[in-house]
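Working notes, structure below.
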Number of protein chains: 2
Amino acid sequence: MPDPDLRRELRALPETDPAIDRLVEQIIGRVADKWTMLLIEILTEHDCCRFGELARLCPGISQKMLTQTLRALECDGLVTRTVYPVVPPRVEYRLTDLGLGLAKAFCGVWLWAEANRERIEAARAAYAAGRDPVTPPGS
Amino acid sequence: MPDPDLRRELRALPETDPAIDRLVEQIIGRVADKWTMLLIEILTEHDCCRFGELARLCPGISQKMLTQTLRALECDGLVTRTVYPVVPPRVEYRLTDLGLGLAKAFCGVWLWAEANRERIEAARAAYAAGRDPVTPPGS
DNA sequence: CAGAATCCCGTTGGATACTG
DNA sequence: CAGTATCCAACGGGATTCTG
C-alpha cells in the first residue's frame, strides 16, 4: 500500500485553476522533450556555447533539430541568442535565469531516475517474465 | 547575468557514469510524456481508478493511448493493475510507491511551470513581436 | 560558421470495428 | 466493461543541399 502521507502531501499542492492548467500542461509538453532536456543540461555545464559546440556536445542531434530546439528555447525565454556581426558568423547561446530555474526543477526527475533505475529495471524484467503470450516449449 | 551560485549548485550534481546516463535518459524519455504525466497526476489525486474512469478524467486521450500508456506504467512498476474476475470486467489502476516518488519528483517541474508561466508568456510575446535579427548598431 | 530549404521515410497516434 | 486489431493521416525528424 503506497505511503498515504506522501500522497496527502502531493494532493495539498496549490491546485489549480483549470484554465491555467492547460497552459502549464502546454509548457510541460514543450519542455519535456529529449533534445530540450539534453541541451539544457549541456548549457548548465558549459555556460556559453556556440552553435557548432552544441552540435558536438549533443551527439546524435541533427542540425535541424538543434536549430529548432534552440529557437523554441529562445522563444520561451530560456536561453539567450547573441549574434556577433563578424565573419565568419559567431552565435552564442546561454541559459537565462528562467532556464536555469527549469534545469534545477528537472533535477528532481533526473535524480529520481538515477535513484530508482534498478527498481525500474527489475520491474521491467518481472513484467517481461510474468507474461507468457505463448505456451513454453518442452511440453 | 544568470545566478552563478545556482549554476555551481547544479554542476555539483552527482554526474555521472556515461553508461548509466543512457539508461537514465531512456527512463526520462519514457516518463516525460504528455499522457504519462497526466495519468500520474490523476492517479495521485484519485488513488484508485477503473479504466473508464481514467478515460473520463483524462479528456482528449484516445482509448489506444490510454491502454498503451497504462501498460508502460505497469511495465515500469509505476502503477499496479488489478483485475477482478467478475462480469462485466472490473480493472483497477493504482500508483505504486515508485510511481508516487516520480509524481513527487515531477512536482518541481510543475511548480516551476506554474510559478514562471507569466514570464514565459511574456517572453513569447516579446519574441513574436520583435526579434532583433542583428545586433542593433548605433542606428 | 550558422543556419534555411527541401525531400522523404518511419513512427505516432486517432478513428473505427470487433471480442471475451 | 475493458480491452485488441486494423487502417490511415499527420507529424517528427534525419540526410542532403544551398546561402550570407
Side-chain angles (χ1 to χ4, degrees), chain A residues 25-26 28-40 42-43 46 48-76 79-94 127 130-135, chain B residues 25-26 28-39 42-43 46 48-76 79-94 127 131-137:
Chain A
E25 283 169 20
Q26 186 211 342
I28 300 275
R30 183 126 163 201
V31 132
D33 158 78
K34 180 185 177 186
W35 298 126
T36 301
M37 292 313 308
L38 288 176
L39 287 177
I40 286 184
I42 290 171
L43 284 171
H46 296 75
C48 182
C49 281
R50 300 183 57 174
F51 187 87
E53 280 183 273
L54 287 173
R56 259 174 285 110
L57 291 168
C58 197
I61 196 172
S62 67
Q63 174 254 36
K64 176 179 175 178
M65 289 314 296
L66 180 54
T67 301
Q68 190 171 304
T69 306
L70 285 171
R71 286 293 186 284
L73 287 171
E74 185 195 2
C75 171
D76 290 350
V79 308
T80 58
R81 175 171 179 273
T82 310
V83 181
Y84 296 89
V86 297
V87 34
R90 176 185 188 88
V91 180
E92 288 183 352
Y93 294 90
R94 180 186 299 263
Y127 184 86
R131 298 179 47 214
D132 313 57
V134 191
T135 313
Chain B
E25 281 171 21
Q26 186 211 341
I28 299 275
R30 184 126 162 201
V31 131
D33 157 79
K34 180 185 177 186
W35 299 126
T36 301
M37 291 312 309
L38 288 176
L39 287 176
I42 290 170
L43 284 170
H46 297 74
C48 183
C49 282
R50 300 182 57 171
F51 187 87
E53 280 183 272
L54 288 172
R56 258 173 286 112
L57 291 169
C58 196
I61 196 172
S62 67
Q63 172 255 36
K64 176 180 176 179
M65 289 313 297
L66 180 53
T67 301
Q68 193 171 303
T69 306
L70 285 171
R71 287 292 186 282
L73 287 171
E74 185 194 3
C75 170
D76 290 350
V79 308
T80 59
R81 175 171 180 274
T82 309
V83 181
Y84 296 89
V86 297
V87 33
R90 177 186 189 86
V91 180
E92 288 183 351
Y93 295 90
R94 180 186 299 261
Y127 184 87
R131 297 175 48 205
D132 320 274
V134 191
T135 313

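Because only heavy atoms are used, hydrogens play no part in the values below, and waters and symmetry mates are left out as well, while side chains stay in. Fair warning: this is a prediction, and the values are worked out from it, not measured in the lab. Reminder, nothing fancy here: chain letters follow the sequence lines and each chain counts from 1.
Taking the side chain as every heavy atom from C-beta outward, B:R30 and B:D76 approach each other to under 4.5 Å. The closest side-chain heavy-atom distance from A:R94 to A:L43 is not below 4.5 Å. Between B:L66 and B:F51, the closest side-chain pair of non-hydrogen atoms falls below 4.5 Å. Side-chain contact between B:L39 and B:L54 is present, with at least one heavy-atom pair separated by less than 4.5 Å. Considering only heavy atoms from C-beta on, B:R71 comes within 4.5 Å of B:R81 through its side chain.
Taken to the nearest 0.5 Å, the CD1 atom of B:I28 stands 9.5 Å off from the CG atom of A:L38. From A:I61, atom CD1 reaches atom NZ of A:K34 across 9.0 Å, with rounding to the nearest 0.5 Å. From A:M65, atom CE reaches atom CG of A:L70 across 10.5 Å, with rounding to the nearest 0.5 Å.
Per the geometry, CZ belonging to A:F51 stands 18 Å off P belonging to D:dG20, to the nearest Å. Per the geometry, CD belonging to A:E92 stands 16 Å off C1' belonging to C:dG3, to the nearest Å. Summarising the geometry, the separation between CZ on A:R50 and P on C:dA2 is reported as 4 Å, rounded to the nearest angstrom. In this structure, B:R81 places its CZ atom 10 Å from P of D:dA2, rounding to the nearest Å. One can place CG of A:L70 at 15 Å from C1' of C:dC1, the figure rounded to the nearest angstrom. Between the CD atom of A:E53 and the C1' atom of C:dA2 there is a distance of 13 Å, given to the nearest Å.
Of all heavy-atom pairs between B:W35 and B:T69, the closest is CB-OG1, 3.9 Å.
Listed pair A:R71 / C:dA4 meets the phosphate criterion, a side-chain N or O lying under 4.0 Å from OP1 or OP2.
Contact annotation for B:Y84: no contact, since no heavy-atom pair falls under 4.0 Å across all strands.
A rotation axis mapping the C1' atoms of four pairs onto the next four is fitted at both ends of the helix from C:dC1-D:dG20 to C:dG20-D:dC1 over five pairs, and the angle between these axes is 40° to 10 degrees.
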* **Under 4.0 Å protein heavy-atom contacts per nucleotide of nucleotides 11-20 of chain C, with B for base, S for backbone only and - for none** => --BB-----B
